[in-house]
**Q** 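Shown below is the structure under consideration.
Here is how names work: the chains are called A, B, and so on, in the same order as the sequence lines, proteins then strands, and each is numbered from 1.
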Amino acid sequence: MNYLSYLEHLEQLPLFEQMGVKELLLGHRQLSRLGELQTENMIFLMKECRKRKIEPILEWDILMTQQVLTQAEKVLSLLPMDEFRFIRVQDPGALQLVMDKYPHLKIQLNLESGNHNLVGIQEWCSYVGDRLERVVLSLEIPIDRLKSYLPELTVPVEILVLGKNLLFYTPRSLLSPLKPGSGGQEKVVARAKSEEGPHKKFFLVENQHGTFMFHPKELFLLESLAELQEIGLSHCRLDFRFGKTLEFQKEILQWVTSANFSLASLQALKEQYPGEVFRGLFKVNKSDVLFPKLKNQHLQRQDSCFLGEILEVEKGKYAAILLKNKNRSLIVPSEIEIRNPKGELIQMQLKEMKDSKWQSLSQGENGQVVFINYAKGMSAQSAVYQKQ
Amino acid sequence: MEKLERFMGKGQSLTPELLLPAGNLEKLKVAILYGANAVYVGGQKFGLRSRADNFTEVELAEGVQLAHSQGVKVYVVLNAFLHDKDLLELTSFVQYLEKISVDAVIISDLGVLSTVRKLSQIPVHLSTQASCLNVPAAKLWKKMGVKRIVVGRELSIKEAGLIKREAQVEVEMFIHGSMCMAYSGNCTISNYTAGRDSNRGGCAHSCRFEYSLDFLEAGDSSSVQAFFMNAKDLQGMGSLPDFFHEEIDSLKIEGRMKSQLYVGTLSKIYSEALKDYGQTRTWDHKKLVGWERELNKMVHRGPTSGNLQETAKADSVNWWKESEKEEDYVVVGNILENHDQDFMLVEVKNAFSPGEELELLPFDGPFIAFSPEEIKSVKNEFLEKTRPNTLVKLPAIPTAKPWNILRKRVSK
């Protein structure tokens, strides 16, 4: 198993080198959602990585309007792109631009948003072809599905196993307008508590790219590393950003590289974690379970025998039907079925019918309102069908 | 013959298509009758609005038939981010959509795109859900096989026009309606807080909630309560000339869950504006004010032009819900039949009484204000007040047509 992380400060490098970390993500402040490296510092750190035989990966994961993309291209032109071998992209425009203009770069494609089926992931792999070095998959793919994907993918796969879980990303500045005296501030940080639900301590960051909202708990999947290794996952990302001390980073790296994955010692680490942790959707993703309960199926027309809908009922007297089938008339005499909103079925022999002038009708057409005798169980919104 | 004529003078661009949402068959009919020349609909699955009525397969076939008979196009949304088992179920549905000749499907997922293209010849539009925001992304998606891109709402009209020219692909833009605060497809709040996948139809609108914010700077213990992710609603009527100038192909109105009154009113107002500008190519300010006044009678969270002209600023957020507005009007019914010189048969949706001022929304032309002196039941008994879900007879208005909407002002 390979581990990678983000390089924010030079002082992290000796630790990463000591722990055998082979690659590090470098986030330029103009290209990376949460990266803060200026150009000069980035180039310096890139060179320092190389000295330690650690592969620096240029992270370009912001989403970009055309205007922002144009600015990003200028930033890229100031970087020694020839000295990078790998770039990580997320915006399809960034992907296409890299494919067109930087043919030497191997691409790591971040598919964490909106790629939750194997067919789609394989299509991306096919599109990028042999330039593709890795795919980063979504936290919404639970382990049983991840297990089924890995043998089918011909490139290495990476997932986040530790760190903040991004829930929401907007280009808007949503914190500084509310914070007195924040004008000109490059970064604003806050915690949010919902006033309309039980959820609290969402972590928020606003920077030059917009506003990011994270889950109150951080992702912690280290207990599952043995399982992930067994199913063939090749890369795990450890996100130590936002307040993980060097000492804590060291303890985590020592644990993951120890290879015995002792759960007893992991429990102690978990208790030291600066904040609450959870497994997210890693074990199971049931976020679509509710959907079938949201509609009344009885109100929806089911087949071509549908004739219309009852609009009004006067018990004991009549029911008014709006005929709604362009291809089928209501004829007297005939047999009809009425399905009410409770799903009850009423069979009826139709012997007479009247129009809105109360004149007898033998045939009613689409768009017409007709009146028939009331039968028990009929109600407004009932669907009327020709009996087959 | 297309429902809305696409006027083109010498050297001028076509009038953009007006694309309305249709949450069910009735709203589809209303959208078409009031002037839409395309509608977008959802089946029972695979879309982003699981709480909308949506269409059964039978209703889809009927809707397509009705729309095509009026020269109107139908696009079916398949724009959820599908999981593997969803794709298996998609196969038969796509084949059915081709059989009933839908004009396009709207997708956001590459797995869905691949499945649709393998199984059918149905044209594919890329949903705003995919957040296509720049020229190289548009070129990529065009290579993948999409015919049209519904660009993200973060783009200006000018940027969208550039995408169209550089990528040589059709471009569709939202002109009106609710907006997500997040980049489309980049919000999973309700996945974790409500167990509902926001990108598969279950969004719980967590961005509309009120939050308490504690700022975390050293020495700063300030906090504030606000609806800080609550975007105002887009209203782009004033930018209509720019849509023409940039040759944007289609103008989309959001709202498959909105009411029939909303759909009918917006279809009417925007189609009139498009027709007027398409014919004259001049902006009548008095008419613009009138159209905007009508649009503002509908429920909204405060109108904003969003990013259409320039990057949206702080005033595009409804921080304390101060800009929220209920509808000034409520629908009282639909005309079902008009027996000229005799009576109109009306399906009542909200109660009204004799002498109350009502308005009829004709398909063409100005609203007609009237106060029915008498209201009768279907059995010709005089009524003092109507009840919802009943039928009544009103004195006929000669120009009224079946499916015309009746509305009345809401008393505050």
**Q** Out of B:Met144, B:Lys313, B:Lys139, which one racks up the most heavy-atom pairs below 4.5 Å with chain A?
**A**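 Sorted descending by pairs with chain A, the first entry is B:Met144.
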
**Q** Which bit of A:Phe212 is near chain B, if near means a heavy-atom gap under 4.5 Å: side chain, backbone, both or neither?
**A**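 For A:Phe212, no heavy atom lies under 4.5 Å from chain B.
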
**Q** Measure across B:Val135 and A:Gln66 and return the closest heavy-atom pair with its distance rounded to 0.1 Å.
**A**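 Closest approach of B:Val135 to A:Gln66: N-OE1, 2.7 Å.
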
**Q** Is A:Ser113 reaching over with its side chain to a backbone N or O of B:Asn186, donor-acceptor style, under 3.5 angstrom?
**A**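 Pair absent, no side-chain N/O of A:Ser113 close to backbone of B:Asn186.
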
**Q** Salt-bridge test for A:Lys324 and B:Glu26: reply yes if a basic N is under 4.0 Å from a carboxylate O, no otherwise.
**A**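 Result for this pair is yes, salt bridge flagged.
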
**Q** Would you name the heavy atoms of A:Ala192 and B:Leu213 that are closest together and state the gap between them?
**A**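 Closest pair (atom of A:Ala192, atom of B:Leu213, distance): CB-CD2, 3.6 Å.
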
**Q** Which is it for A:Asn285 and B:His83 under the side-chain contact (heavy atoms from CB on, under 4.5 Å) test, yes or no, and what are the steps along the way?
**A** CA-CA 11 Å; A:Asn285 185 346; B:His83 291 208; 3.9 Å; yes

**Q** Is it true that, when you exclude A:Lys326 itself, more than 12 heavy atoms of the residues, nucleotides or ligands shown sit nearer than 6.0 Å to its NZ?
**A**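 It does: A:Lys326 NZ has more than 12 such atoms within range.
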
**Q** Where on B:Leu391 is there a heavy atom nearer than 4.5 Å to chain A: the side chain, the backbone, both, or neither?
**A**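 Both parts, heavy atoms under 4.5 Å.
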
**Q** With distance as the sole test, does A:Asp91 use its side chain to make a donor-acceptor pair with the main-chain N or O of B:Ala137 at under 3.5 Å?
**A**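 No, because the side chain of A:Asp91 does not come within donor-acceptor range (under 3.5 Å) of the backbone of B:Ala137.
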
**Q** If I measure from the heavy atoms of chain B, does A:Met99 come under 4.5 Å with its side chain, its backbone, both, or neither?
**A**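 The answer is neither part of A:Met99.
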
**Q** Taking every heavy-atom pair that is under 4.5 Å apart, which of B:Gln225, B:Glu57, B:Lys29 has the most such pairs with chain A?
**A**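 Top count of heavy-atom pairs under 4.5 Å with chain A: B:Gln225.
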
**Q** Apply side-chain contact (heavy atoms from CB on, under 4.5 Å) to the pair B:Tyr192 and A:Lys217, showing each step before the final yes or no.
**A** CA-CA 11 Å; B:Tyr192 291 88; A:Lys217 298 180 183 176; over 6 Å; no

**Q** Do B:Glu154 side-chain atoms and A:Thr65 backbone N/O form a donor-acceptor pair below 3.5 Å?
**A**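 The answer is no, because no donor-acceptor pair under 3.5 Å joins these two groups.
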
**Q** Taking B:Leu336, B:Asn389, B:Leu82 one by one, which has the highest count of heavy-atom pairs under 4.5 Å against chain A?
**A**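 That would be B:Leu82.
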
**Q** Measure distances from A:Ile121 to the heavy atoms of chain B and classify the residue's part below 4.5 Å as side chain, backbone, both or neither.
**A**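 Nothing of A:Ile121, per the 4.5 Å heavy-atom cut-off to chain B.
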
**Q** State, to 0.1 Å, how close B:Phe228 and A:Leu174 come at their nearest heavy-atom pair, and which atoms those are.
**A**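 Minimum heavy-atom separation between B:Phe228 and A:Leu174: O-CD2, 3.5 Å.
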
**Q** Quick check against the 3.5 Å criterion: does B:Glu159 have a side-chain atom that pairs as donor or acceptor with the backbone of A:Gln67?
**A**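 Confirmed, B:Glu159 side chain pairs with A:Gln67 backbone.
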
**Q** Does any N or O in the side chain of A:Glu123 come within less than 3.5 Å of the main-chain N or O of B:Gly111, such that one atom is a donor and the other an acceptor?
**A**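 A pair under 3.5 Å: no.
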
**Q** Side chains of B:Gln65 and A:Asn327: any donor to acceptor distance under 3.5 Å?
**A**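 Result is yes, a qualifying pair exists.
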
